[in-house]
Amino acid sequence: MSEGTSTEGATAAAGAGAHRWPLWEVFVRSSRGLSHVHAGSLHAPDASMALRNARDLYTRRNEGVSIWVVPSDAIAASDPDSKGAFFESPQGKDYRHATYYTKSEGVKHL
Amino acid sequence: MARIVQPAGQPAPTNAPNAPDAPASNDAAGQANFDAIIAKDSRVEPKDWMPEAYRRSLVRQISQHAHSEIIGMQPEANWITRAPSLKRKSILMAKVQDEAGHGLYLYSAAETLGTTRDDMMDALVAGKARYSSIFNYPTVTWADMGAIGWMVDGAAICNQVPLCRASYGPYGRAMVRVCKEESFHQRQGFEILLELAHGTPEQKAMAQDAVNRWYAPSLMMFGPPDDDSPNSKQSMAWNIKRFSNDELRSRFVGMLAEQVKVLGLTLPDSEIRFNEDTKKWEYGPLDWEEFKEVLAGRGPCNAQRLERRRSAHEDGAWVREAAAAYHDKQLAKQAAEQKAAA
Amino acid sequence: MHGGGASLGDSSASATRITPGFALRPEDIALAAKQGTARPGADVAEYALRLGDDALILAQRLGHWISRAPELEEDVALGNIALDQLGHARSFLTYAGSAWGKSEDDLAYFRREPEFRSAHLFEQPNGDFAATIARQFIAASYQFPLYRELAKSSDPMLAAIAAKAVKEVDYHLDHSTQWVLRLAGGTEESRRRMDAGLKLMWPFVGELFEDDPLTAKVGDAGVVPSSLKEEFDRGTGAVLAEAGLDVSGHPMATGGGRQGRHSEYLGFILAEMQVLAREFPGASW
């Protein structure tokens, strides 16, 4: 990343917009037993404020029982250009799925 | 380029679909992939290759939308301290606060396109960005809270519901959230008017006056007529927009025409009728000259709205700096402690 | 600089299941009063009026921040706090009013300045963000132990209102504490402003903890203000020590709010708050 991370940005920027707050991704668990799901993002100076802002912004209507915040630039994502190669392998391996096994259809408790 | 990349808003140049002059813009494979996504009515996601014009168009639309939410807080915030009952005060406060939230969701969506919120905010306070011109009208009576909820939010919802299916994933998802939360906004406005319309004669007159003033501006929220809307066609081809300005406007007029009867008020347009042949609602001519004037910055409150946003932003600069500086100091402290411990 | 950032800063539909939740609302209190299942005696009503007025005036002040905060996230945060306070005010006022056949709105909109019972702290102007945070820090450091103790009140309705309020005020205390630390430990300017904010607001601490005949008369139904002072001092002291701030030199002002002697500000607050309601007395909104 040649552009620098947001955390660096927070101190390096100059002028009227100096000290910009970095971007955080917010994940909310809507109730016990469910996974945290990406809800959105926000800006905050640090993790503890990010959590609080997330609480105020993304759970105003009882949407959650737990929140994670992650600095946006800490997330590694798969390369969209390699989409084909990256996700091709599972295609056609239908023997990984129960529906592949048709002869046993109708047998109870199987 | 490694197969796994940092998912930056501004990725490294070799993989920079965001950069205006990126060689990737000519990427035929990318274009083909994009076209296929649009043809299948699937969703474009942030890291996908997309035509530069598509990206620009989205940034323009989403940021304008976000700005409208943020500027749109002001005409209603104007009445928070004077709301005539504590229940109404709670509702209004929650609504204006929601608008800040909606602005944030939308700025987030726009940020996925490689434009930072700071840049968008800077453009707004510098007067270089547009927002819905309706927020440049003043809220002079309490009934305006009702008319804004019923008509302005009503028009916004008409516009936004189809946007939940916008081809750009983050925009659609932001709109889903916004629409869910907005559902109470229109109702509370309608109920303000309903209460006033069944109140004292003065209250009813106040309600009618507000409806009269907000009617035409709310219709113009759908944008210029189709034959004068330069961006619409492309936007529809890209599955960002799903219905034309005039189509949505006509639908909206139909809703108002029915709902106003429940209020016992009238709309200031004697030409509203349902055309049985076209199956569309028709309405009297709108003053598009006024629309253009307000859009061009010559509305009653343009300067006031911008100045308020600018001063809030500038007055807050020291707070934002302080929090960032505090964080840096904490990091430095931690590093020193770790070093000492090692 | 274009901050890095995972390009997934969007809102996903699946995480937005929304519900109204379950909690005691002012409407429930009004209903209980109407049905005669909960009606305070005169002293408890007077006591509830104080709590309601503090929260109402604070909410009125905080409401002004919405659309003016230093960052949009903070618009939302201050809005939440204002809404919490307004909720507490509505509950306390509804309950107080039920003793005299008055609604929350009768009390909020049709009392004159000397009839209000708010303490001076809550009437202080917002000032800059640091002044607001100073006021918030004092208010929450006072309201948190107050509501925690009030949740044990012998009056079941006061206890119920306080049990809901204490959880919310717990967060207000956390919010203001975070900001006191950041402003004090941020830049030179923010430190100067935080210091100035505390200087403005600290004189109004004393009034909050003054006992008077009413607080004695309500007995177990209420909380003796002076009994909260030690915890207040300990709590604020720890935060201020961490922030390296000193408030020991700030003089205490004479209060009087509980007796209806207010700051110069309250008249203006009420003029603004009550103007429309008073223009149409008896109207429904």
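Keep in mind the model is a prediction, meaning the values are calculated, not measured.
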Asks: With a 4.5 angstrom heavy-atom cut-off, is it the side chain or the backbone of Phe129(C) that approaches chain B, or both, or neither?
Replies: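 The answer is both parts of Phe129(C).
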Asks: With a 4.5 Å cut-off on heavy-atom pairs, point out which of Pro26(C), Gly79(C), Ala59(C), Gly282(C) contacts chain B the most.
Replies: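 Heavy-atom pairs under 4.5 Å are most numerous for Gly79(C).
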Asks: Let me know if Leu86(C) has heavy atoms under 4.5 Å from chain B in its side chain, its backbone, both or neither.
Replies: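 Looking at Leu86(C), just its side chain touches chain B.
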Asks: Among Ile66(C), Leu56(C), Leu78(C), which residue has the highest count of heavy-atom pairs closer than 4.5 Å to chain B?
Replies: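 Counting heavy-atom pairs under 4.5 Å, the top option is Ile66(C).
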Asks: For a quick test of reading the model, state the closest non-hydrogen atom pair linking Met120(B) to Ser63(B) and the distance between them.
Replies: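 Between these two residues, the closest heavy atoms are SD-CB, 3.5 Å.
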Asks: What part of Gln274(C) lies closer than 4.5 angstrom to a heavy atom of chain B: side chain, backbone, both or neither?
Replies: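 Answer is neither: Gln274(C) stays 4.5 Å or more from chain B.
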Asks: Examine whether an atom of Met145(B) lies under 4.5 Å from a heavy atom of chain C, and if so say whether it belongs to the side chain, the backbone or both; otherwise answer neither.
Replies: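 No part of Met145(B) comes within 4.5 Å of chain C.
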Asks: Quick check for you: among Val76(C), Ile269(C), Asp75(C), which has the greatest number of heavy-atom pairs under 4.5 Å with chain B?
Replies: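 The option with the most such pairs is Val76(C).
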Asks: Under 4.0 Å between a Lys/Arg side-chain N and an Asp/Glu carboxylate O for Glu45(B) and Arg173(B)?
Replies: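 Counted as a salt bridge, because a side-chain N and a carboxylate O are separated by less than 4.0 Å.
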Asks: Identify the heavy atoms of Ile240(B) and Leu163(B) that sit nearest to each other, and give their distance.
Replies: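 Taking Ile240(B) first and Leu163(B) second, the nearest heavy atoms are O-CD2, 3.5 Å.
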Asks: Just checking, any donor-acceptor pair under 3.5 angstrom between side chains of Ser263(C) and Glu123(C)?
Replies: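 Checked: Ser263(C)/Glu123(C) side chains pair up, N/O donor to acceptor below 3.5 Å.
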Asks: Please determine, among Ile71(B), Thr81(B), Asp98(B), Ile80(B), the option with the most heavy-atom pairs under 4.5 Å with chain C.
Replies: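 Option with the greatest count: Thr81(B).
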Asks: Please work out whether the ring planes of His175(C) and Trp179(C) are parallel, tilted or perpendicular, with thresholds of 30° and 60°.
Replies: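 Perpendicular.
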Asks: Write down the atom of Glu115(C), the atom of Leu49(C), and the distance for their closest heavy-atom approach.
Replies: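 Heavy-atom minimum between the residues: O-CD2, 4.5 Å.
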Asks: Are the side chain of Gln203(B) and the backbone of Thr200(B) linked by a donor-acceptor contact shorter than 3.5 Å?
Replies: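 It does hold such a pair.
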Asks: Counting only heavy atoms not in Tyr265(C), do more than 12 sit closer than 6.0 Å to its OH atom?
Replies: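 No.
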Asks: Based on non-hydrogen pairs under 4.5 Å, which of Cys164(B), Pro84(B), Gly316(B), Gly101(B) is most in contact with chain C?
Replies: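 Of the candidates given, the most pairs with chain C belong to Pro84(B).
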Asks: Which one of Glu76(B), Gln330(B), Glu195(B) has the most heavy-atom pairs closer than 4.5 Å to chain C?
Replies: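 Of Glu76(B), Gln330(B), Glu195(B), Glu195(B) has the most heavy-atom pairs under 4.5 Å with chain C.
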Asks: Identify the two heavy atoms, one from Asp53(C) and one from Arg117(C), that lie closest to each other, and give their separation to 0.1 Å.
Replies: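 The answer is OD2-N, 2.8 Å.
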Asks: Strictly distance-based, threshold 3.5 Å: is any side-chain N or O of Gln61(B) a donor or acceptor partner for the main-chain N or O of Leu58(B)?
Replies: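 Checking the backbone N and O of Leu58(B) against the side chain of Gln61(B), no donor-acceptor pair under 3.5 Å is found.
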Asks: Looking only at heavy atoms, which of residues 85-96 of chain B get nearer than 4.5 Å to chain C?
Replies: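 Result: Ser85(B), Leu86(B), Lys87(B), Arg88(B), Lys89(B), Ser90(B), Met93(B), Ala94(B), Val96(B).
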Asks: Is it the backbone or the side chain of Ala69(C) that comes under 4.5 Å from a heavy atom of chain B, or both, or neither?
Replies: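 Interface part for Ala69(C): backbone (N, CA, C, O).
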Asks: Given that the side chain runs from C-beta out, which part of Leu181(C) has a heavy atom under 4.5 Å from chain B: side chain, backbone, both or neither?
Replies: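 The answer is both parts of Leu181(C).
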Asks: Yes or no on side chain to side chain donor-acceptor pair (under 3.5 Å) for Asp106(C) and Ser103(C), after CA distance, side-chain angles and deciding distance?
Replies: CA-CA 5 Å; Asp106(C) 293 335; Ser103(C) 70; 3.3 Å; yes
Asks: Got a donor-acceptor contact below 3.5 angstrom from the His172(C) side chain to the Glu168(C) backbone?
Replies: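 Yes: the side chain of His172(C) pairs with the backbone of Glu168(C).
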Asks: By a 4.5 Å heavy-atom criterion (distance strictly below it), what part of Ala108(C) contacts chain B: side chain, backbone, both, or neither?
Replies: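 Just the side chain, heavy atoms under 4.5 Å.
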Asks: Grab the two heavy atoms, one from Ala109(B) and one from Tyr168(B), that are nearest each other, plus how far apart they are.
Replies: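 It is O-CE2, 4.0 Å.
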Asks: Using a cut-off of under 4.5 Å for heavy-atom pairs, which of Lys329(B), Arg308(B), Glu99(B) has the most such pairs with chain C?
Replies: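 Heavy-atom pair counts peak at Arg308(B).
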Asks: Backbone N or O of Arg61(C) within a donor-acceptor pair of the Asn126(C) side chain at under 3.5 Å?
Replies: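 At least one qualifying donor-acceptor pair exists.
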Asks: Search all heavy atoms of Cys179(B) against all heavy atoms of Gln160(B) and return the closest pair with its distance.
Replies: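 Minimum heavy-atom separation between Cys179(B) and Gln160(B): SG-CB, 3.7 Å.
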Asks: Taking 4.0 angstrom as the limit, do Arg82(B) and Glu279(C) come out as a salt bridge?
Replies: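 So Arg82(B) does not pair with Glu279(C) through a salt bridge.
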Asks: Among the options Ala277(C), Ser284(C), Gly63(C), Ala184(C), pick out the one with the most heavy-atom pairs lying under 4.5 Å from chain B.
Replies: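 Highest number of pairs under 4.5 Å: Ser284(C).
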Asks: Salt bridge or not for Glu73(C) and Arg320(B), using N-O below 4.0 Å?
Replies: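 The answer is no: the pair does not qualify as a salt bridge.
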Asks: Using only non-hydrogen atoms and a strict under-4.5 angstrom cutoff, which residues of residues 188-201 of chain C touch chain B?
Replies: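 At a heavy-atom separation under 4.5 Å, chain B is reached by Glu189(C), Ser190(C), Arg193(C).
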Asks: Please determine, among Ile70(B), Ile192(B), Leu196(B), the option with the most heavy-atom pairs under 4.5 Å with chain C.
Replies: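 Highest number of pairs under 4.5 Å: Ile70(B).
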